[in-house]
Amino acid sequence: MIAQLSKLDEIQAEAAAAVEQITDAEQGLEAWRVKYLGRSSDLTQVLRGLADLPEEERPALGRRGNEVRQFLEGLLREKSEQLRQAELDRSLSRERLDVTLPGRPVRTGKIHPTTLTLQRICDFWRDLGFQVFESRDVETDEYNFELLNIPKHHPSREMWDTFYTSDENVILRTHTSPGQIHAMREFAPEPCRVILPGMCYRYEQISARSEIQFNQVEGLAIGESITFSNLKGDLGLFARHLFGEDTRTRFRASHFPFTEPSAEMDIECFVCGGEGCAVCKETGWLEILGCGMVHPKVLENGGYDPAVFTGYAYGMGPERVAMLLHGITDIRNFWRNDFRFLEQF
């Protein structure tokens, strides 16, 4: 046993001397650890020899062996910290950081042009006494079509390229018009004046003029004496507010299943002054929205008596309005998240 104790003292002294010569953590210190604390180290071999000693000699040699192992592990931790600190000091001396230098500017976002246009539209109609009414993006076939006088298998459904889910009765809304039914059923039998902004979805070919998702703003006014003249007057005032006091408007007959009569409203092209150009396709006019008097059947579905109440409705696309206001030629710019485009607003 005396020979083994002497061997442990030699290992401790040799390891302590060797660790002082190490200057590299990745190679030198790791090699030292393997040599003095690894499975094939002299220390491990001595401790494995405990089984060959008489039982009464084992405790003394075991205690000394553990003391040496703990000593070496302490050397390893201490040297590792010394090398880490030395490397940090060298790094700081080589790579000095000047904290007085100005930082890199952070690119800040701006309000999206669609949002700006939505705000302008909503602000105008609020001033006319309309309140914002939000409805859901995921709708049922009943609200999106049937209650709006568009029965199943009716040819007019081809106007809307619909996204269906696994449940054929649950769809992504194709327009904000189903919000009319939600609003009427909440306010009936009292008059209501609401606007319904929101996102719509249609399965269309993406191009410079069409997208699979887009915003709409729906307007709805229900009362006992609302006429088409009220519709024309309010929309004409809206066009002059948005595009300028000298803006001229015209209404063209159209067809929507949920309004009767139906119309589309154009404004005089503000690029050419009505003379004809590429923007207005040489017509002198720019289409901005569809509108009409609420169909009696839709009024009834919403909870109003069509013999007592009348109403008007309109729908417009803020992206379309923004394109006209700012001369934007490609609707895809609204969804590209290109800073060069967005920072202009």
Side-chain angles (χ1 to χ4, degrees), residues 19-33 74-127 131-132 134 137 172 176 195-201 204 206-217 238 240-245 247 270-271 277-279 286 288 316-345:
V19 79
E20 295 296 329
Q21 309 301 317
I22 298 174
T23 58
D24 180 79
E26 291 187 3
Q27 296 181 1
L29 191 59
E30 176 62 15
W32 183 93
R33 184 194 67 78
L75 287 178
L76 180 64
R77 289 192 298 270
E78 183 179 345
K79 192 63 178 182
S80 178
E81 178 61 23
Q82 288 178 0
L83 294 175
R84 187 195 67 80
Q85 188 61 46
E87 179 59 30
L88 178 61
D89 293 340
R90 284 195 298 271
S91 176
L92 291 176
S93 64
R94 290 194 308 266
E95 305 169 9
R96 293 185 178 181
L97 177 65
D98 187 352
V99 296
T100 64
L101 288 173
R104 294 185 179 90
V106 177
R107 300 181 74 178
T108 57
K110 301 292 190 299
I111 299 179
H112 196 278
T114 300
T115 304
L116 285 172
T117 306
L118 270 170
Q119 289 176 348
R120 292 182 62 182
I121 293 171
C122 291
D123 288 345
F124 171 82
W125 290 102
R126 281 196 192 98
D127 291 343
Q131 71 178 79
V132 175
E134 295 185 357
D137 288 24
L172 293 179
T176 48
I195 54 173
L196 303 102
M199 189 72 71
C200 302
Y201 311 86
E204 295 183 347
I206 297 176
S207 68
R209 298 178 63 84
S210 61
E211 260 283 2
I212 62 173
Q213 64 178 46
F214 52 91
N215 287 282
Q216 269 194 354
V217 176
F238 166 73
R240 291 189 293 274
H241 168 79
L242 207 61
F243 297 100
E245 287 297 325
T247 300
F270 46 77
V271 177
C277 66
V279 174
L286 298 167
I288 64 168
M316 71 183 77
E319 282 89 2
R320 170 69 172 160
V321 174
M323 291 173 76
L324 296 175
L325 284 172
H326 303 292
I328 301 168
T329 58
D330 194 332
I331 197 172
R332 291 170 292 190
N333 286 325
F334 292 112
W335 306 103
R336 283 177 174 150
N337 291 329
D338 189 330
F339 267 107
R340 295 171 299 176
F341 172 75
L342 298 175
E343 285 177 338
Q344 298 178 61
F345 304 92

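Note: hydrogens, waters and symmetry copies are ignored here, and every other heavy atom, side chains too, is used. The first residue of the sequence shown is numbered 1, and numbering continues consecutively from there.
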Do [X] and [Y] have side-chain heavy atoms sitting under 4.5 Å apart?
X: Asn215; Y: Pro197; answer: no
X: Asp338; Y: Asn333; answer: no
X: Glu211; Y: Glu204; answer: no
X: Leu325; Y: Phe243; answer: yes

* To do: Return the orientation label for the Trp335 and His112 ring planes: parallel under 30°, perpendicular over 60°, tilted otherwise.
  =>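 Rings of Trp335 and His112: tilted, 30 to 60°.
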* Charged N to carboxylate O below 4.0 Å: is that the case for Asp123 and Arg120? ->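 Here Asp123 does not pair with Arg120 in a salt bridge, since their nearest N and O are not under 4.0 Å apart.
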* Under a 4.0 Å N-O cut-off, is there an ion pair linking Arg84 with Glu87? ->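 Not counted as a salt bridge, because no side-chain N and carboxylate O are separated by less than 4.0 Å.
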* Asked: Taking the side chain from Glu319 and the backbone from Thr114, do they hold a donor-acceptor pair closer than 3.5 Å?
  ->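 No: the side chain of Glu319 does not pair with the backbone of Thr114.
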* Okay, side chain of Thr117, backbone of Pro113: is any donor-acceptor separation there less than 3.5 Å? ->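 Answer holds: yes.
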Could you tell me the separation between the [atom1] atom of [X] and the [atom2] atom of [Y], rounded to the nearest 0.5 Å?
X: Leu83; Y: Glu78; atom1: CG; atom2: CD; answer: 10.5 Å
X: Asp330; Y: Met323; atom1: CG; atom2: CE; answer: 6.5 Å
X: Ile331; Y: Arg320; atom1: CD1; atom2: CZ; answer: 9.0 Å
X: Asp127; Y: Cys122; atom1: CG; atom2: SG; answer: 11.0 Å

* Asked: Which is it for Leu118 and Val217 under the side chain to side chain contact (heavy atoms under 4.5 Å, CB included) test, yes or no, and what are the steps along the way?
  -> CA-CA 8 Å; Leu118 270 170; Val217 176; 3.3 Å; yes
For [X] and [Y], which heavy atoms make the closest approach, and how far apart are they?
X: Asp137; Y: Met199; answer: OD2-CB, 3.9 Å
X: Leu75; Y: Trp32; answer: CB-CH2, 4.1 Å
X: Ile288; Y: Met316; answer: O-CB, 3.7 Å

* Given Trp125 and Val132, is the side chain to side chain contact (heavy atoms under 4.5 Å, CB included) satisfied, shown in steps? -> CA-CA 9 Å; Trp125 290 102; Val132 175; over 6 Å; no
* State whether the number of non-hydrogen atoms from other residues, nucleotides or ligands found under 6.0 Å of Gln119 atom CD is greater than 12. =>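 Enclosed.
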* Residues, nucleotides or ligands: over 12 heavy atoms within 6.0 Å of Arg90 CZ ->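 Yes - once you tally the heavy atoms of other residues, nucleotides and ligands closer than 6.0 Å, there are more than 12.
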* Asked: Side-chain donor-acceptor pair under 3.5 Å between Asp89 and Gln85, yes or no?
  ->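 Result is yes, a qualifying pair exists.
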